[in-house]
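Structure record follows, encoded as structure tokens.
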Amino acid sequence: MVRVRIAPSPSGNLHIGTARTALFNYLFAKKTGGEFVLRIEDTDLERTSQEYVKNIFDSLKALGLNWDEGPDIGGPYGPYSQSERFNLYPEFAKKLLLSGFAYECWCTPEELEAEKELATQNKQAYVYSRKCIGAPRGEGAPAIRFNVSKTQKAFHESSMLTFNDMVKGELTQDTDLIGDFVIMKSNGTPTYNFAVVVDDMLMKISHIIRGEDHISNTFKQILIYEALGEALSAPEFVELYGPPQPLPQFGHLGMILAPDRSKLSKRHGATAVSDFVEHGYLTEALVNFVALLGWSPSDGQEIKSVDEIAADFRISEVSSSNSIFEYDKLNWMNSQYIKKMGIETLKAALRPYLAKYDLNELTDAQYTRLVEITREPLTVLSDITSDAAYFFGAGVELEPEAKDALNGEVLAEFAKQAADWDFDEEALHEKLDGFRAYFKEQGVKPKDTMWALRAAITGRTRGADICAVMAILGKEKVLARVEKAKSQAAL
RNA sequence: GCUCCCAUCGUCUAGAGGCCUAGGACAACACCCUUUCACGGUGUAGACAGGGAUUCGAAUUCCCUUGGGAGUACCA
């Protein structure tokens, strides 16, 4: 049974990079008919907040990445928050202590610092001196360190540790360079590498797909798996947790980088899924875009739903290099999704971005028409805020280019004629056809005629179909605006 | 510093020795459509980081250089 997991740490809102990792795990699970587990890694109580936990839940759900087991819905291998699993880790650490794959360490931060200092002076890689192996008890509570070389020797012929990565192929590391790392802090809490292995083991995770920033952790974790395997074979553990699982398969994804090739961070703008959503990006577009970072469809059709992507997904085909997060394609994709949206859905989605205006000025039919005629150029939903500004309020402020486009004669004639017109969109179309033709004979280009009207009515030189705009605004407002613009044109 | 990973148009990528005078998408530019913007349509420009080696033949294999990224905590 394929079981994958995403294990975010709630020290911030769900990062777009984490979302991509979640997506690839989800795709892999869907493709293979496996299960997708959500685990919250809130071991670091200092930085953890419930608000972030909620943000992670909400963002994942919004993206359509629903989990089969997790802190909120439970499951057979819970609890799914590490903070509720604190009692688990010491017993496994004890097993390691007993089997000699781990040992207690009383070194002080100062001693450790001195060792590191020395290593950098000698231009050597820092490796813990292991001086606590077999040492007498020291002061205070000890940390527990993992005995890397002992484990390596017990399970491998040389110091070289190799595994076959699902995306990168064979990866090798000399374990002599790893150094005995801490698995239990002196305060009794587990370190990341230890907690992850214990959790993944007990949760029967079969495939671990994550960012390549974890490659060095993977070597450590494989060693822990091996050392723990024996302990897990003990009858009392089998009874509690079932038979030990084989070592999971690992797959490491390239990272998502900012356009300057550095880590994607706040100073580059939006980083959290919720930031993108606030700016008016559709989660469908977001998920589609992020899937294309490292993966490409076999049929060349890039706009695809998560389900379609899952059907076509193969982890071994995922690119192993980093990719840069550029907005151009995301923007295009978002606009494509906006175009495909149902009108009612779009009307609802746009409402928050129209909050500064009084939507009661419009009937529902008028609002529908407004959305129909303004949706075309939207790249993000928030564009509507400025694009639809001239539909609300009594008058408009003329932009400089709009002032240039005004034409006193055209406006005067319009005011005269339109007073008798029926402000129905169809009717306006016809009337304006004639109006343009009339001025064309006077030597005014149809384009300029329309421009003058648009400028007077909307204050802008660009925008939605002007007949539809007039119909929505109604005769009274249109004539008032034209009247006001007429005086400005005369100046 | 040390260790590991990566390297095709500006960006995302196709490409698993001859199908490649390197294909697609976004962006750019031009033209068409048009009452503006936009949409849409049609085109143009644009890349195998460099050097060796293997081979009849290399974007594809190997090595070196260069460049970029990551890790190097009693953070996760």
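In what follows, every heavy atom counts, from backbone to side chain, and hydrogens, waters and symmetry copies are set aside.
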*Which letters describe nucleotides 61-76 of chain B, given B = protein heavy atom under 4.0 Å from base, S = only from sugar-phosphate, - = neither?*
--------SSS--BBB
*asked:* Distance check, P atoms only: B/rC19 and B/rG10, in whole angstrom units.
replied: 23 Å
_Same-atom distance (C1') from B/rA47 to B/rU21, integer angstrom_ = 15 Å
*Taking the side chain as every heavy atom from C-beta outward, state whether A/F194 and A/F181 have any atom pair closer than 4.5 Å.*
no
*What integer number of Å spans the P atoms of B/rG15 and B/rU60?*
15 Å
*For A/G294, which contact category applies under a 4.0 Å heavy-atom criterion: base, sugar-phosphate, or nothing?*
sugar-phosphate
*Salt bridge present between A/D200 and A/R39 (N-O < 4.0 angstrom)*: yes
*How is A/L171 classified with respect to the nucleic acid when contacts are heavy atoms under 4.0 Å: base, sugar-phosphate, or nothing?*
sugar-phosphate
*asked:* Can you tell me the base-pairing partner of B/rA30? Count Watson-Crick or G-U wobble geometry only, both distances below 3.5 Å, and say none if there is no partner.
replied: B/rU42
*Side chain of A/K304, backbone of A/Q301: donor and acceptor closer than 3.5 Å?*
yes
*Step through the shown structure and confirm whether more than 12 heavy atoms of other residues, nucleotides or ligands are within 6.0 Å of CD on A/Q417.*
yes
*Partner of A/H214 by ring pair (Phe, Tyr, Trp, His ring centres under 6.0 Å), out of A/Y192, A/F219, A/F250*: A/Y192
*asked:* Side chains of A/V197 and A/K220, heavy atoms from C-beta outward: is any pair under 4.5 Å?
replied: no
*Pairwise C1' distance, B/rC2 and B/rA22 [rounded to whole Å]*: 39 Å
*asked:* In this structure, how many angstroms lie between the C1' atom of B/rA14 and the CZ atom of A/R314, rounded?
replied: 14 Å
*Give none if B/rU72 has no partner; otherwise give the nucleotide forming a Watson-Crick or G-U wobble pair with it, both distances under 3.5 Å.*
B/rG1
*In B/S/- notation, 5' to 3', how is nucleotides 25-40 of chain B contacted by protein heavy atoms closer than 4.0 Å?*
BSS-------BBBBSS
*Who pairs with A/R267 by salt bridge (Lys or Arg N to Asp or Glu O under 4.0 Å), at least two apart in sequence or on another chain?*
A/D260
*Whole-Å distance between B/rG24 P and A/I303 CD1?*
18 Å
*Does A/E372 come within less than 4.0 Å of A/R369, counting only side-chain N to carboxylate O?*
yes
_Sub-6.0 Å ring centroid separation between A/F325 and A/Y327_ = yes
_Taking A/E104 first and then A/R145, would you say they form a salt bridge - that is, a charged N and a carboxylate O separated by under 4.0 Å?_
no
_Atom pair distance, as rounded to whole Å: CE in A/M333 and P in B/rU11_ = 18 Å
*Got a salt bridge between A/E401 and A/R462, using NZ or NE/NH1/NH2 to carboxylate O under 4.0 Å?*
no
*Does B/rU11 pair with anything, Watson-Crick or G-U wobble, both distances under 3.5 Å, and if so, with which nucleotide?*
B/rA25
*Under a 3.5 Å limit for both distances, which nucleotide forms a Watson-Crick or G-U wobble pair with B/rG18, could you say?*
B/rC56
*Over how many whole Å does the gap from A/D165 atom CG to B/rC4 atom P extend?*
15 Å
_Distance check, P atoms only: B/rG51 and B/rG41, in whole angstrom units._
41 Å
*Mind calculating the distance between CD (A/Q124) and P (B/rG1) to the nearest angstrom?*
14 Å
*Sort out the partner of B/rU35 for me: Watson-Crick or G-U wobble, both distances under 3.5 Å, none otherwise.*
none
*Atom CD of A/E326 and atom C1' of B/rC9: how far apart are they, to the nearest Å?*
14 Å
*Quote, to the nearest angstrom, the P distance that separates B/rC26 from B/rC62.*
34 Å
*Quote, to the nearest angstrom, the P distance that separates B/rU65 from B/rG23.*
33 Å
*When the C1' atoms of B/rA14 and B/rC48 are considered, how many whole Å apart are they?*
13 Å
